[in-house]
Amino acid sequence: MSENLPNKAVFQSYIWTCAKYDFSPYEKRIIYRLIEFAQQWLEGIKIKDHMHKIEPSGCGVNITMPVASILRDEDDHNYAKAKAAFTSLSKKGAEYEDDKIWFYTAIIEHPKIEKGTGIATFHVYDPIWRAALDFTKGFKKYELITAMKFKSVYAMRFYELMSGQAKPLFVPLEGPDGLRERFCLQGKYERVNDFKRYVIDAAKKELDESSPYSFVAKEEKEGKKVIGWTLFPVFFEDREDPALQE
DNA sequence: GTGCACCTATCAGGTGTCTG
DNA sequence: CAGACACCTGATAGGTGCAC
């Protein structure tokens with residue numbers, strides 16, 4: 001069991017990290033909406049009006065929403081851009097592999113716009129939908145947007161690590177639960193100092209700047225060798241509910 | 001395509017520190 | 001105190017993306 005969790009986390013992280021880097025503003029809006037839908041689904045809020053729907057299909061869900069929800073505002077009737085975003089998001093995907101299975105899937109599939117109605121539908125394949133649901137379980141609404149702002153991939157990973165963490169957390173560097181393994185950095189930053197400089201310090205810097213929580217890392221040594229860090233959570237309460245806008 | 005600036009991962013050499 | 005090891009700073013090669 002403990003063997004599947006890190007991989008799952010990495011799969012999720014991969015999707016949302018890519019979302020940060022490679023997605024256009026329009027594509028990001030689609031992702032935000034997807035997360036919103038997932039959130040409402042989890043909270044059991046019935047989405048009743050004919051413009052918004054979540055309908056389970058055999059292998060995922062069909063999402064219906066107004067095209068306007070991904071456009072900048074009411075006056076932005078730029079359907080060409082909306083279409084382009086749906087198209088490109090259909091071409092971007094995520095890859096997953098463990099010892100039993102490999103698969104690749106697009107983030108969204110079969111986007112469709114009914115002309116004259118302003119309504120778009122698309123399909124979300126089950127693993128992506130579950131990743132969205134898992135994400136919303138562990139994160140509050142505005143946090144995806146916060147997370148998407150990070151420049152460093154590792155800021156995102158530490159953000160996940162520290163999410164909901166109230167007590168100091170010891171993380172080893174090496175080993176199955178070690179940071180190197182969890183962050184997929186086998187063979188990289190072999191020197192502890194380089195690891196600290198480009199992974200831990202870089203992530204901490206970004207979290208300190210813009211995240212509602214961060215950490216202080218205390219080196220733990222075995223003899224002269226650094227074997228890991230104890231992360232003491234730091235909260236910035238004034239950032240808990242920022243008026244984040246899209 | 002070409003040149004340029006920037007960025008990242010890695011390494012070398014000097015410095016610090018622990019232990020016998 | 002000396003040797004061995006680990007740490008830190010800065011340099012560098014190679015890659016990437018951007019403007020022209």
Side-chain angles (χ1 to χ4, degrees), chain A residues 6-7 9-32 70 72 78 80-98 104-108 144-163 168-211 213-234 246:
Chain A
N7 282 338
V10 168
F11 176 62
Q12 278 183 58
S13 175
Y14 176 85
I15 299 173
W16 311 128
T17 304
C18 284
K20 153 67 189 80
Y21 280 107
D22 304 332
F23 293 5
S24 73
Y26 281 90
E27 291 170 331
K28 283 183 186 178
R29 282 189 204 114
I30 297 173
I31 301 274
Y32 295 158
I70 68 155
R72 214 164 285 137
N78 201 336
K81 279 189 181 165
K83 277 194 291 186
F86 279 119
T87 305
S88 54
L89 204 53
S90 306
K91 288 175 184 166
K92 286 174 184 168
E95 196 173 335
Y96 176 84
E97 183 163 18
D98 60 25
Y104 174 87
T105 176
I107 306 287
I108 65 166
L144 174 64
I145 299 166
T146 303
M148 277 185 164
K149 287 198 305 193
F150 295 142
K151 291 194 215 73
S152 161
V153 183
Y154 311 122
M156 176 106 190
R157 298 274 169 84
F158 270 101
Y159 186 81
E160 290 166 0
L161 205 59
M162 299 312 290
S163 175
L169 173 72
F170 171 73
V171 284
L173 173 58
E174 310 292 347
D177 294 325
L179 287 178
R180 193 183 296 286
E181 180 96 13
R182 291 165 89 150
F183 291 1
C184 290
L185 289 170
Q186 294 94 332
K188 294 196 167 192
Y189 305 121
E190 298 279 8
R191 298 172 190 214
V192 174
N193 185 54
D194 284 341
F195 193 93
K196 178 176 179 293
R197 190 164 35 154
Y198 294 110
V199 178
I200 294 177
D201 290 348
K204 177 174 160 49
K205 184 162 172 283
E206 281 210 56
L207 291 175
D208 284 346
E209 279 167 9
S210 57
S211 167
Y213 42 78
S214 182
F215 61 89
V216 173
K218 177 173 169 286
E219 279 183 359
E220 301 293 348
K221 293 187 177 184
E222 204 174 76
K224 283 200 276 182
K225 197 175 166 60
V226 173
I227 55 161
W229 290 268
T230 300
L231 308 176
F232 297 87
V234 176
E246 289 176 49

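The interatomic distance linking A/R197 (CZ) with B/dT8 (C1') rounds to 11 Å, in whole Å. Taking atom CZ of residue A/F195 and atom P of nucleotide B/dT8, one finds them 16 Å apart after rounding to whole Å. Separating the CZ atom of A/R191 from the P atom of B/dA12 is a distance of 7 Å, rounded to the nearest angstrom. Straight-line distance from the CG atom of A/N193 to the C1' atom of B/dC11: 12 Å, rounded to whole Å. Residue A/K196 contributes atom NZ, which lies 17 Å from atom C1' of B/dA9 at whole-angstrom precision. Protein atom CG of A/D194 is 9 Å distant from nucleotide atom P of B/dC11, rounded to whole Å.
From A/N193, atom CG reaches atom CD1 of A/I200 across 10.5 Å, with rounding to the nearest 0.5 Å.
Across A/S90 and A/A106, no two heavy atoms sit closer than the pair O-CB, 3.1 Å. Considering every non-hydrogen atom in both A/F158 and A/L231, the closest pair reads CE2-CD1, 3.9 Å.
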Under the side chain to side chain contact (heavy atoms under 4.5 Å, CB included) criterion, do A/W229 and A/L169 qualify, and how do the steps go?
-> CA-CA 8 Å; A/W229 290 268; A/L169 173 72; over 6 Å; no

Full working for side chain to side chain contact (heavy atoms under 4.5 Å, CB included) between A/L179 and A/V199 | CA-CA 10 Å; A/L179 287 178; A/V199 178; over 6 Å; no

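With a heavy-atom cut-off of 4.0 Å to chain A, the contacted part of DNA chain C has its first and last nucleotide at C/dC5 to C/dG10.
Using the six-membered ring where Trp is involved, A/Y189 and A/F195 have ring planes that are perpendicular, over 60° apart on the 30 and 60° scheme.
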